[in-house]
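This report concerns only the one structure given below.
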Amino acid sequence: MSLGQLHYTSAPPGPDGSGFRFTALTPGLPQSVLREAEQLIGYEPPRNAPSRPSATELEAFPRAFSYSELSDGSRLLARTVYTGADYSGRWGNFHAHAVHLAPGEQLPDGALPVSAWESPGWAAATPQGDAPPALAALPPSTLLDPAGLIAFAASRAPWLAAVFTDLQRQAEDETAPQVVLVERDSADVARWVALASAALPREAAHRLTFTTYTRRPHLAGQRIIGVLPDDAHGLAGSGRRYRVHDCSAPPPAPDGPAPGPHGSAPGPDGSEPAPWAVAAARIWSAGAFELFQHAHRLPGEPFTAGPVSALALCAGIDLPSSHRTAAALWACDHPAELDGQELDGLVQTLAAPRQEAAVPAAETAALAELFARVGGNLRPETAAPLAARLLTAAVRSDEPVRPPERKALTDEVARQLAAELGPELRAGIADPAGGFARPLRLLRVAGLLTVDCSDLVTPLAHRLTAALLADPYAYGGELHETLADRPDLHTALLRELDAAALAGPASVTVLLERAPVELESRELGSRELGSREPESREPLPYLRMCGWKARGPAGGGGGDRNGELRAVLEAARVSVFAHPPLLRVAFRLVWGSDTPTPEEARYVLAETGADVHRPAETWPFLVTAALNGRPGDPHADELAHELLAAFPTQLRPDDRAALLLLEFARDLRAGGAGPGWVDRYLGLRRAAEPVNPTVLEHVCGRIARRLLTDPGAGRELDDLIRSRDADLCAAYERAAREDAVHSQLLREPRYFADRFVDWNAHPQAGGAWGKVRGSLLDGVLRPAARALAAEDLAAVEAALAKRGARHAEDFRAWNRPGALSRLGLRFGGRDSRAGRTAPRRRGSGSDPGSGSGSDDRYRDGGVR
């Protein structure tokens, strides 16, 4: 590497002219560099400087030492001094000596630019002779000695954090404001640059541009600009471009701006200093600048507070709580970066008593995490104070604190803590306010310190159960660990959950699905869930049933709910005959809010018998299953018959009547019902009101199908018509519209004839039958008639003729094209669809209703 030299001053006339010009240059420097350099190395004396200074006064003039970036990416390091009169005797001359660093290059050996402040390598005048050669190096200054910088840092302590904060912003954002340092001596600006260069990450320090003096700061492009007090007045209020730190004035008075939460004075605009900047300021103030070199080698993002804070605390430098937190967390992630001595120093500093009334929760949590990571590597005398502090914080802090293990405490310390914290522990465990998280933590601490809280365990388990049932996701790692540490609490919790399972098994099942509560307590000494050999002193049957439902085989009983019921009862490990309430809980677990099907209910009743259902109070489930059965299901009426026999004294009158309706449907299906179906139905219905609609549909459907299929049901149909029962008539119409009836109409002429005669019965009945009759004739029979072939129609007429000639004549008239409603008019003058009396039509032929007819079923206009 070589540093090209530039000399600039006012010189007598020569080949390059006269006045201010470059008087000596290392060959090869580009003209673009010279043009930019000429704008950077000028000098203007201070405003109040003497016009004709003496030699002594001349030495007091500020020195402009600058490090600037050029447009091509190269750098210019320059020193400009006022020299007084030039060759012609005219005052105002100066001499600038600069070196040029090519893009990407640094000073030899990686020296920082500020190290060249007042270097012996700077020339006071233009050298004589040939063009100056490139320099190999610039010897470091002897004026920036460590002792002097430490003393200077102490004198600038009120401004350190704010200045470092602004320099951090510049390193992170190229558009950040320039930093203006107001000092009475340009050497102090150089010292500022030295402080910053040591603290900043190495790469940022090499990029830091500066000038120690300028009369016109608004024209300076460097990041740090040094000015005298007289030149700083015009910068006030320009916070978006400049951050002005007036170090020439006295520091803020005690009644001035209050320090921020980091313990340092706020910046020029009142903003809080950055955490890294606060730590760097404390290190300089403590004179421990060598820590910066160590910090630069530690892992971590630039300008994070963790590494530098950890080193500061290792050295015993006090820092605010946020830095202590950052240091502890950094040490948790990088414990191998600190040797044993440094780690001991860090822990001792962190464990030392603080002046704050309350340590922030974040710091306590970080200390707990650090102790969990490295506590085992600490010397007992180092670990014990921090462990005691964490236990005390776990008791007195509202936030969760991970307590250390018991082995971290000596017996003496444990006894002292138990005596001091015992009353607080018991009060906190018994306090129901604020949930269960804090009492659990306190119970674990009480166990560590052997504080007796056995009388508080059961009430805590009761509160814990209520909270978990309300929110199963409240079960977390801390609760799991506490239950593992405190078998007595685990056992009490299982007892409470078993009692809750008896009262509300569904909620306990949901809890066990979502929370990994261990169902076996070490204190009970029982085996894994599912074991066939009960060893537990307490069976906990209801909880075990919920556990099987929540965690049993996928698919439960594979769709077989009766099989699932058996499996649930087996999981209880207790006989249902010895404990009948098990059956009620099992019902609720298997069917929940659903109802068993009649087939399932019959199976349960047959398998368990009626005797266990009475004390278990599960027979209402079976009754509901019968009453809610699917219409047409033969198991429903069979179940009704069995329930009437099994629970003769338990059934309510209305339920008994409804079951009798279903049993009547069973008799109809089996052919065992005697005459008077409709009257029997009406009587049972009145006794069962209000009747479940599915029961009505079931029974009415059975009656209707029997009326449509039994050849001798004519009188029963008369009873249906006279009953005016809308449900029964509607069921009859639904049954008549079934595919089976339609197929039989097409297949059997006699069946067609019977239905024609039935559906013409009682044309003036009105009511429910009046609405159904016309619909059946027009919507069921007529489509069937149109589908019949001629020979089938003839067969229907023949079958009707056997019932009476008039019936065949009526059928021909009804089936003749255009005779859609004449038959209805002839048979009673009532419009079956509108329910209005229809006018008599002329030319309609003879009135079948006016003749005597050959079938006595039509006597008096109705079916007999």
Side-chain angles (χ1 to χ4, degrees), residues 298-300 305-307 309-354 356 358-418 420-421 424-425 437-438 440-451 476-478 480-482 484-485:
L298 294 178
S309 298
L311 292 179
L313 291 169
C314 288
I317 299 173
D318 188 32
L319 287 173
S321 177
S322 59
H323 292 73
R324 300 162 71 88
T325 302
L329 294 177
W330 179 87
C332 287
D333 294 334
H334 308 282
E337 298 296 331
L338 303 176
D339 60 31
Q341 184 177 356
E342 290 171 332
L343 190 59
D344 271 6
L346 174 62
V347 171
Q348 288 175 359
T349 303
L350 292 174
R354 304 296 308 280
E356 294 92 334
V359 177
E363 179 183 343
T364 302
L367 294 181
E369 182 67 21
L370 177 62
F371 193 89
R373 297 284 187 92
V374 304
N377 300 328
L378 299 173
R379 294 179 295 112
E381 57 269 25
T382 302
L386 184 56
R389 177 178 173 183
L390 290 174
L391 282 171
T392 302
V395 175
R396 295 175 177 172
S397 174
D398 293 331
E399 299 296 328
V401 176
R402 180 190 300 181
E405 296 182 2
R406 172 62 178 83
K407 62 183 180 181
L409 298 173
T410 64
D411 293 340
E412 180 61 28
V413 171
R415 283 192 294 271
Q416 293 175 356
L417 288 175
E420 177 184 354
L421 302 177
E424 297 178 56
L425 284 169
R438 187 167 185 270
L440 284 177
R441 296 195 300 270
L442 297 182
L443 189 63
R444 295 183 68 186
V445 174
L448 291 175
L449 300 178
T450 62
V451 175
E478 183 174 4
H480 188 79
E481 293 175 3
T482 304
D485 288 347

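Along the sequence shown, residues are numbered consecutively beginning with 1.
When every heavy atom of Pro307 is checked against every heavy atom of Pro299, the shortest pair comes out as CG-O, 3.7 Å. The shortest non-hydrogen separation linking Ala352 to Arg324 is O-NH2, 4.3 Å. Of all heavy-atom pairs between Leu409 and Val413, the closest is CD2-CG1, 3.8 Å. Pro360 and Ser321 make their closest contact through CG-OG, 3.2 Å (heavy atoms, listed as atom of the first residue, atom of the second, distance). Nearest heavy atom pair, residue Pro404 against residue Ala408, reads CB-CB, 4.4 Å. What you find for Glu405 and Leu448 is that their closest heavy atoms are C-CD2, 4.5 Å.
Rounding to the nearest 0.5 Å gives a distance of 7.0 Å between CG of Leu367 and OG1 of Thr325. Atom CZ of Arg438 is separated from atom CG of Leu442 by 4.5 Å, given to the nearest 0.5 angstrom. Distance check, rounded to the nearest 0.5 Å: CG of Leu343 to CG of Leu370 gives 7.0 Å. Interatomic distance, CD of Glu478 versus CZ of Arg444, reported as 6.5 Å (0.5 Å rounding).
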Name every donor-acceptor pair, under 3.5 Å, that has one atom in a side chain of residues 384-396 and the other anywhere in the protein, sequence neighbours excluded.
| from | atom 1 | to | atom 2 | distance (Å) |
| --- | --- | --- | --- | --- |
| Arg389 | NH1 | Leu350 | O | 2.2 |
| Arg389 | NH2 | Glu363 | OE2 | 3.3 |
| Thr392 | OG1 | Ala388 | O | 2.9 |
| Arg396 | NE | Glu424 | OE1 | 3.2 |
| Arg396 | NE | Glu424 | OE2 | 3.4 |
| Arg396 | NH2 | Glu420 | OE2 | 3.1 |
| Arg396 | NH2 | Glu424 | OE2 | 3.1 |

Side-chain atoms of residues 312-320: list all donor-acceptor pairs with protein atoms under 3.5 Å, sequence neighbours left out, distances to 0.1 Å.
none

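With sequence neighbours excluded, no residue forms a side-chain hydrogen bond (donor to acceptor under 3.5 Å, both in side chains) with His334. Residues satisfying the side-chain contact (heavy atoms from CB on, under 4.5 Å) test with Ala437, not counting sequence neighbours, are Arg441. Here Arg415 pairs with Glu412 under the side-chain hydrogen bond (donor to acceptor under 3.5 Å, both in side chains) rule; sequence neighbours left out.
Side-chain contact between Ser397 and Thr364 is absent, with no heavy-atom pair separated by less than 4.5 Å. Proximity of Trp330 to Leu338: side-chain heavy atoms (C-beta onward) are separated by under 4.5 Å at one or more points.
Judged as a side chain to side chain donor-acceptor pair (under 3.5 Å), the pairs with a partner in residues 367-381 (not counting sequence neighbours) are, in order, Asp344-Arg379, Glu369-Arg373, Glu369-Arg402, Arg379-Glu381, Arg379-Thr382.
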